[in-house]
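Reading through the structure tokens given below for one structure.
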Amino acid sequence: DVKVTQSSRYLVKRTGEKVFLECVQDMDHENMFWYRQDPGLGLRLIYFSYDVKMKEKGDIPEGYSVSREKKERFSLILESASTNQTSMYLCASTRGREKLFFGSGTQLSVL
Amino acid sequence: KQEVTQIPAALSVPEGENLVLNCSFTDSAIYNLQWFRQDPGKGLTSLLLIQSSQREQTSGRLNASLDKSSGRSTLYIAASQPGDSATYLCAVNEGTSYGKLTFGQGTILTVHP
């Protein structure tokens with residue numbers, strides 16, 4: 001089975017901290033995504049990557065950056081966390097236009 | 001810009017009922033459409049993927065149909081069970097090779113015993 005693993009289920013951080021969210025997939029997928037999910041707003045795409053070191057902005061990239069140094073790993077970075085970045089963060093991966101596989105999510109609280 | 005709408009936003013049914021969830025999209029130029037299930041506090045699980053050239057896909061008690069020209073898809077759940085309670089989301093792929101999807105807001109389904 002495809003596995004997409006997010007490093008933390010719950011995280012609590014302080015305003016202004018630098019936050020790293022890690023995602024690893026084991027199916028050699030070239031495409032990886034970071035979404036955030038908020039009540040009433042649904043899933044919104046932050047960034048995606050279609051190859052190592054390649055990245056594209058999604059719909060809401062402000063305040064975030066990403067890193068993809070290895071094919072299996074895609075990191076989301078909050079340079080200076082703010083309270084409005086409190087959210088559920090979901091990582092996903094896919095090959096081409098096939099089924100999208102999600103991790104179990106990281107619930108981030110910024111205090 | 002593609003917009004995906006799901007109706008109803010929430011649905012509560014007694015166990016054993018057959019039910020239909022609806023999904024509509026504004027731009028019919030899609031490559032495929034996926035239906036996902038999400039349990040509270042968890043990630044999404046892909047249930048069915050329908051290619052634009054297909055009319056339907058089936059998996060167990062689930063059947064998804066696609067009418068691309070009218071911009072609609074339905075997810076049919078037969079003989080519903082309490083374990084089917086979850087949020088169901090549909091998402092369209094507009095054909096980029098990156099697999100980028102546009103999601104609906106989801107339908108919250110509750111099946112009560």
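To find a chain, count down the sequence lines: A is the first, B the second, and so on, and within it residues start at 1.
- Counting non-hydrogen atoms of neighbouring residues, nucleotides and ligands closer than 6.0 angstrom, the CD1 atom of B:Ile108 reaches no more than 12 such neighbours.
- A continuous path of hydrophobic side-chain contacts links B:Ile30 to B:Leu75 [ILVMFWY only; heavy atoms under 4.5 Å].
- Put simply, A:Tyr50 and A:Val52 are part of two different groups of oily side chains (I, L, V, M, F, W, Y) that touch within less than 4.5 Å, one to the next.
- Residue contact with chain A, scored on non-hydrogen atoms closer than 4.5 Å, involves the backbone and the side chain of B:Leu101 alike.
- Ranked by non-hydrogen atom pairs under 4.5 Å with chain B, the options A:Ser49, A:Cys91, A:Gly40, A:Gly58 are led by A:Gly40.
- Among the residues in residues 102-111 of chain A, those with a non-hydrogen atom closer than 4.5 angstrom to a non-hydrogen atom of chain B are A:Phe102, A:Gly103, A:Ser104.
- Of the residues considered (A:Leu90, A:Leu100, A:Leu43), A:Leu100 shows the highest number of contacts with chain B, using heavy-atom pairs under 4.5 Å.
- Contact annotation for residues 71-85 of chain A against chain B (heavy-atom separation below 4.5 Å): no residues qualify.
- For the atom pair NZ of B:Lys100 and CZ of A:Phe33, the computed distance is 9.0 Å after rounding to the nearest 0.5 Å.
- Within 6.0 Å of atom CZ in A:Arg44, more than 12 heavy atoms from other residues, nucleotides or ligands are found, so the atom counts as buried in its surroundings.
- Only the side chain of A:Leu45 comes within less than 4.5 Å of a heavy atom of chain B; its backbone N, CA, C and O stay farther away.
- With a 4.5 angstrom heavy-atom cutoff, A:Arg9 touches chain B only via side-chain atoms.
- With sequence neighbours excluded, no residue satisfies side chain to side chain donor-acceptor pair (under 3.5 Å) with B:Glu3.
- Judged by distance alone, the side chain of B:Asn32 and the main-chain N or O of A:Glu98 form no donor-acceptor pair under 3.5 Å.
- Under the 4.5 Å side-chain contact rule for hydrophobic residues, A:Met88 and A:Val19 do not share a cluster.
- Scanning residues 36-50 of chain B against chain A with a 4.5 Å heavy-atom cutoff picks out B:Phe36, B:Gln38, B:Gly41, B:Lys42, B:Gly43, B:Leu44, B:Ser46, B:Leu47, B:Leu49, ordered by number.
- When the side chains of ILVMFWY residues are joined at heavy-atom separations under 4.5 Å, either directly or via intervening members, A:Val24 and A:Leu21 end up in two distinct hydrophobic clusters.
- Under a hydrophobic clustering in which Ile, Leu, Val, Met, Phe, Trp and Tyr are joined whenever their side-chain heavy atoms come within less than 4.5 Å, directly or via other members, A:Val66 and A:Tyr89 fall into the same cluster.
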